[in-house]
Amino acid sequence: MEMGESKLRNKIIPENILKKQDSDRLDNSHQAESYNINTLSIYTQKEEEEDEEIISDNAAFPPQKNRVRWQGLIVGIGIGVVASVVSMQLVSGQKENSGSETIPGNSPAQTVTNAVENNLAPTMSVTVAAVELATVERTFDATGDVVAFDLLPVLPQATGLQIQQVLIEEGDKVTLGQVMAILDDSVLKSQINQAKSQVESTSSGVKQRKAAYSKAKVGVEQAIAAREQAEADRDQIKAAITQAKAGTDEAIAGLKQTKASRDDALAALKQAQASRNDAIAALKQTQASRNEALASVAQTEAKLAEAKANEEQAQRDFERYQTLESEGVISAQELETRSTAVKTAREGVRVAEANIDSAKARVESADANVSSAEAKIEIADANVSSAKAKVDIASSNVSSAEARVESAEANVSSVMAQLRSAEAKVSSASANVNSAQAEVDSALSNIDSAMANVNSDKARVEERKTQLAQTLVRAPANGIVAERIARVGDVTSGSKMLFSIIKDNQLELQLKVPETQLAQVKVGKKVQISSDADSRIKMLGTVREIAPLVDQESREATIKIDLPKSDLLRPGMFLRATITTATNQGLKVPAKAVLPQADGKSIVYVLGENNRVKAVPIEVGKILSKNSDLANAKIEIKEGLKLGDRVVVAGAGYLKDGDIVKVIE
């Protein structure tokens with residue numbers, strides 16, 4: 001490293017400068033230091049102007065772009081620092097060697113170097129910082145296009161109409177239901193007026209048909225009333241005929257009945273005598289039945305006693321078996337059999353008691369039959385006397401009945417003539433009712449037809465009103481107009497889009513990620529979004545979806561990132577996404593302490609014993625800064641240092657390995 005510094009000093013300070021006077025050396029030293037400080041300031045300012053975006057924790061180190069930028073900055077600083085160190089060494093060498101001669105064979109540069117190496121006093125004051133722990137995020141970058149999350153096409157609902165007005169331009173915000181364009185509605189309004197007139201006309205026809213229906217209905221009611229009256233007259237005449245015929249039949253029947261009554265009286269006498277004989281025989285039979293019933297009562301009483309004895313025996317057996325069953329001598333089934341026997345014996349007692357009641361009832365019935373037979377004998381005697389009286393009365397009534405028959409037959413003939421006239425009136429009234437009902441049915445049919453026409457015309461009006469409402473092209477959702485295709489004068493078509501809307505102004509970033517890095521991405525992860533073209537775009541997105549398929553040719557999959565709403569975003573933009581894949585613990589030091597070398601490596605000066613510094617090669621990682629302040633940034637150390645080491649920060653560029661320094665807190 002010392003050889004490298006020597007070469008740099010030889011390249012930066014020409015030999016003829018070393019040969020100048022001491023005063024010239026001092027002036028040149030101050031000029032070099034001023035030049036290097038100005039160069040560092042100008043370079044830093046230029047770097048900040050070129051890159052305004054914030055260097056976040058997610059900025060990768062050493063990605064190629066950041067690494068080149070960082071190395072360029074450090075190389076510029078290093079060149080300035082080396083030149084300043086050389087100038088300072090020249091001045092110190094002049095002071096130490098004033099009044100002495102130059103050693104033969106040694107060049108002025110060698111003389112200065114030897115003087116510095118032999119000087120054990122602190123060369124300069126520096127500040128130091130301890131190596132600290134740092135949380136380092138591992139990330140990778142991916143790029144993609146901004147697209148609409150849901151791009152809604154706005155199509156016309158009414159076709160074949162000319163566009164009269166377009167109220168929306170591309171980029172305008174719209175709300176649900178907002179009118180975006182107006183179509184020509186003159187033809188539809190004319191059709192609505194025509195349809196309304198047709199509705200009024202058909203409604204008038206319905207009223208006329210309803211009036212005709214009401215008139216026909218009144219005619220039906222009148223015809224029905226006339227028919228009912230004719231039927232009532234006819235029924236009255238029929239009743240008179242029936243009454244007359246009944247009178248004739250009654251007279252004839254009365255004559256026959258009188259003759260029959262005499263015969264019946266004689267027959268009744270014989271029948272009464274026969275009935276008396278039958279009653280006597282029935283009395284005897286009833287007495288015999290009573291005796292049998294009494295015997296049956298005795299027999300059933302004996303069976304009842306036997307049944308009760310059986311019941312008592314069955315109960316005793318059941319109780320004995322119940323005791324045996326509780327002692328476990330017999331089974332529950334045998335006990336159940338004894339229980340059934342008890343129930344059977346009880347049923348036998350009940351049947352015997354019922355048989356006794358039945359036998360007693362038969363005895364009582366026989367007694368009643370005896371009394372009835374005696375009563376029938378008395379009635380038969382009375383009937384004989386009554387039959388003789390009826391014979392005499394019937395003979396005198398025969399002549400009177402014959403006269404009534406002749407008068408009734410004449411009345412029947414007169415009423416039959418009236419019936420024929422009434423039947424004719426009923427037939428005429430029925431025909432009138434049928435005719436009137438036909439007119440009512442026809443009127444109802446006409447009303448239904450007219451109502452159907454009215455409903456059809458009303459439906460046509462509503463259809464036209466719906467089409468009229470469709471002449472206002474409305475936004476289907478909230479959002480921003482992405483495209484405006486509609487132009488005044490165009491004729492709408494069902495397949496021709498008028499506008500497209502980004503629903504709810506929701507955009508997404510579609511990234512193409514290689515399949516080798518796909519496993520590092522998880523749904524729900526936060527993603528840093530930035531733009532190479534617009535430094536204002538710095539935001540957080542969220543991984544919403546990972547495509548299930550990988551492109552067979554590019555071996556990449558699409559990842560969709562939900563973007564926050566921002567006026568800076570537009571569909572079609574090309575953005576960069578930084579995705580965090582892991583978080584590790586590492587070491588960090590101030591970036592000022594790191595000195596890039598000509599071979600592309602880096603060193604830091606570690607403070608050792610007696611405040612002597614040692615140049616330690618290191619491997620750097622990411623720049624750990626959340627803003628663009630590189631002067632105060634810290635950098636990850638992958639290799640070369642350990643936790644607690646103290647490294648030189650301010651003044652590191654003016655040191656070389658082995659220098660003794662004064663630490664300023």
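Leu167 has its side chain within reach of Ile182: a pair of non-hydrogen atoms, C-beta onward, lies under 4.5 Å apart. Within the 4.5 Å cutoff, no side-chain heavy atoms of Val179 are placed close to those of Val473. Lys503 is not listed as a side-chain neighbour of Phe149, based on a closest heavy-atom distance of 4.5 Å or more. At least one side-chain heavy atom of Leu569 sits under 4.5 Å from a side-chain heavy atom of Ile537. Under the 4.5 Å side-chain criterion, counting only non-hydrogen atoms from C-beta, Pro571 is not in contact with Val147. With a 4.5 Å cut-off on side-chain heavy atoms, Ile241 and Met416 count as touching. The side-chain heavy atoms of Ile485 and Phe499, taken from C-beta on, include no pair separated by under 4.5 Å. Side-chain contact between Asp532 and Arg576 is present, with heavy atoms from C-beta onward closer than 4.5 Å.
When atom types are taken as modelled, the side chain of Ser358 and the backbone of Ala354 share no donor-acceptor pair closer than 3.5 angstrom. In this structure, Arg474 contributes its side chain and Gly177 its backbone to a donor-acceptor pair below 3.5 Å. At least one donor-acceptor pair closer than 3.5 Å links the side chain of Arg570 to the backbone N or O of Asp567. Formation of a donor-acceptor pair under 3.5 Å by the Thr492 side chain with backbone atoms of Leu161 is found in this model. Side chain of Ser449 to backbone of Ser445: no donor-acceptor contact under 3.5 angstrom is found. The backbone N or O of Ala438 sits nowhere less than 3.5 Å from a side-chain atom of Ser442 that would complete a donor-acceptor pair. Judged purely by atom type and a 3.5 angstrom limit, Ser214 uses its side chain to pair as donor or acceptor with the backbone of Lys210. With Ser435 contributing its side chain and Asn432 its backbone, the two residues share no donor-acceptor pair below 3.5 Å. Listed for the Ser428 side chain is no donor-acceptor partner under 3.5 Å among the backbone atoms of Ala424. At least one donor-acceptor pair closer than 3.5 Å links the side chain of Thr340 to the backbone N or O of Glu336.
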Exercise. Given the rule in the side chain to side chain contact (heavy atoms under 4.5 Å, CB included) test, do Gln517 and Val521 qualify, once you have shown the distances and angles that lead to the verdict?
Worked result: CA-CA 7 Å; Gln517 295 176 320; Val521 183; 5.8 Å; no

For this session: Report the C-alpha distance between Glu423 and Arg420 in whole Å, list the side-chain angles of each, state the deciding distance to 0.1 Å, and finish with yes or no for salt bridge (charged side-chain N to carboxylate O under 4.0 Å, His left out).
Result: CA-CA 5 Å; Glu423 290 286 0; Arg420 287 190 291 270; over 6 Å; no

For this session: Determine, stepwise, if the pair Glu221 / Ile224 fulfils side chain to side chain contact (heavy atoms under 4.5 Å, CB included).
Result: CA-CA 5 Å; Glu221 292 174 353; Ile224 290 174; 5.7 Å; no

For this session: Kindly determine whether Leu498 and Leu155 satisfy side chain to side chain contact (heavy atoms under 4.5 Å, CB included), including the steps that lead there.
Result: CA-CA 6 Å; Leu498 302 181; Leu155 299 173; over 6 Å; no

For this session: With side chain to side chain contact (heavy atoms under 4.5 Å, CB included) as the test, would you mind laying out the steps for Leu151 and Ile501 before giving the verdict?
Result: CA-CA 6 Å; Leu151 190 64; Ile501 296 176; over 6 Å; no

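Judged purely by distance below 3.5 Å, without hydrogens or angles, the side chains of Asp551 and Ser554 pair a donor atom with an acceptor atom. A donor-acceptor contact closer than 3.5 angstrom is absent between the side chains of Asp145 and Gln510. If you check the side chains of Gln528 and Thr578, you find no donor sitting under 3.5 Å from an acceptor. For Lys525 and Thr542, the side-chain atoms include no donor-acceptor pair closer than 3.5 Å.
Remark: Lys217 does not engage Glu439 in a salt bridge, criterion side-chain N to carboxylate O under 4.0 Å. A salt bridge links Arg484 with Glu169; the closest basic N to acidic carboxylate O contact falls under 4.0 Å. Salt-bridge annotation for Lys425 and Asp233: absent, with no side-chain N of the basic residue lying under 4.0 Å from a carboxylate O of the acidic one.
Between the CD atom in Glu483 and the CD1 atom in Ile502 there is a gap of 9.5 Å [rounded to 0.5 Å]. Taken from NZ in Lys245 to CG in Asn411, the straight-line distance is 11.5 Å, to the nearest 0.5 Å. To the nearest 0.5 Å, atom CD1 of residue Ile561 and atom CG of residue Leu507 are 13.5 Å apart. Distance check, rounded to the nearest 0.5 Å: CG of Asn478 to CD of Gln506 gives 13.0 Å. Interatomic distance, CG of Asn505 versus CD1 of Ile480, reported as 3.0 Å (0.5 Å rounding). In this structure, Leu587 CG and Glu636 CD are separated by 8.5 Å, a value rounded to the nearest 0.5 Å.
For Ile163 against Ala486, the heavy-atom pair with the smallest separation is CD1-CB, 3.9 Å. Contact between Pro156 and Lys496 at its shortest, heavy atoms only, is CD-O, 3.4 Å. When all heavy atoms of Ala158 and Leu183 are compared, the pair lying nearest together is O-CD1, 3.9 Å. The heavy-atom pair separating Val426 from Arg234 by the smallest distance is CG1-NH1, 3.7 Å. Shown here for Lys512 and Thr558, the closest heavy-atom pair between the two residues is NZ-OG1, 2.9 Å. Closest of all the heavy-atom pairs between Ser602 and Val594 is CB-CG1, 3.7 Å.
The number of heavy-atom neighbours closer than 6.0 Å to CD of Gln243, taken from other residues, nucleotides and ligands shown, is 12 or below. Gln194 CD: 12 or fewer foreign heavy atoms inside a 6.0 Å radius. Shown here is Gln164, whose CD atom has more than 12 heavy atoms of other residues, nucleotides or ligands within 6.0 Å. The 12-atom threshold is not exceeded at CZ of Arg536, counting heavy atoms of other residues, nucleotides or ligands nearer than 6.0 Å. Within 6.0 Å of the CD atom in Gln585, the count of heavy atoms belonging to other residues, nucleotides or ligands exceeds 12. Counted within 6.0 Å of CD on Glu250, heavy atoms from surrounding residues, nucleotides or ligands total 12 or fewer; the atom is thus considered open.
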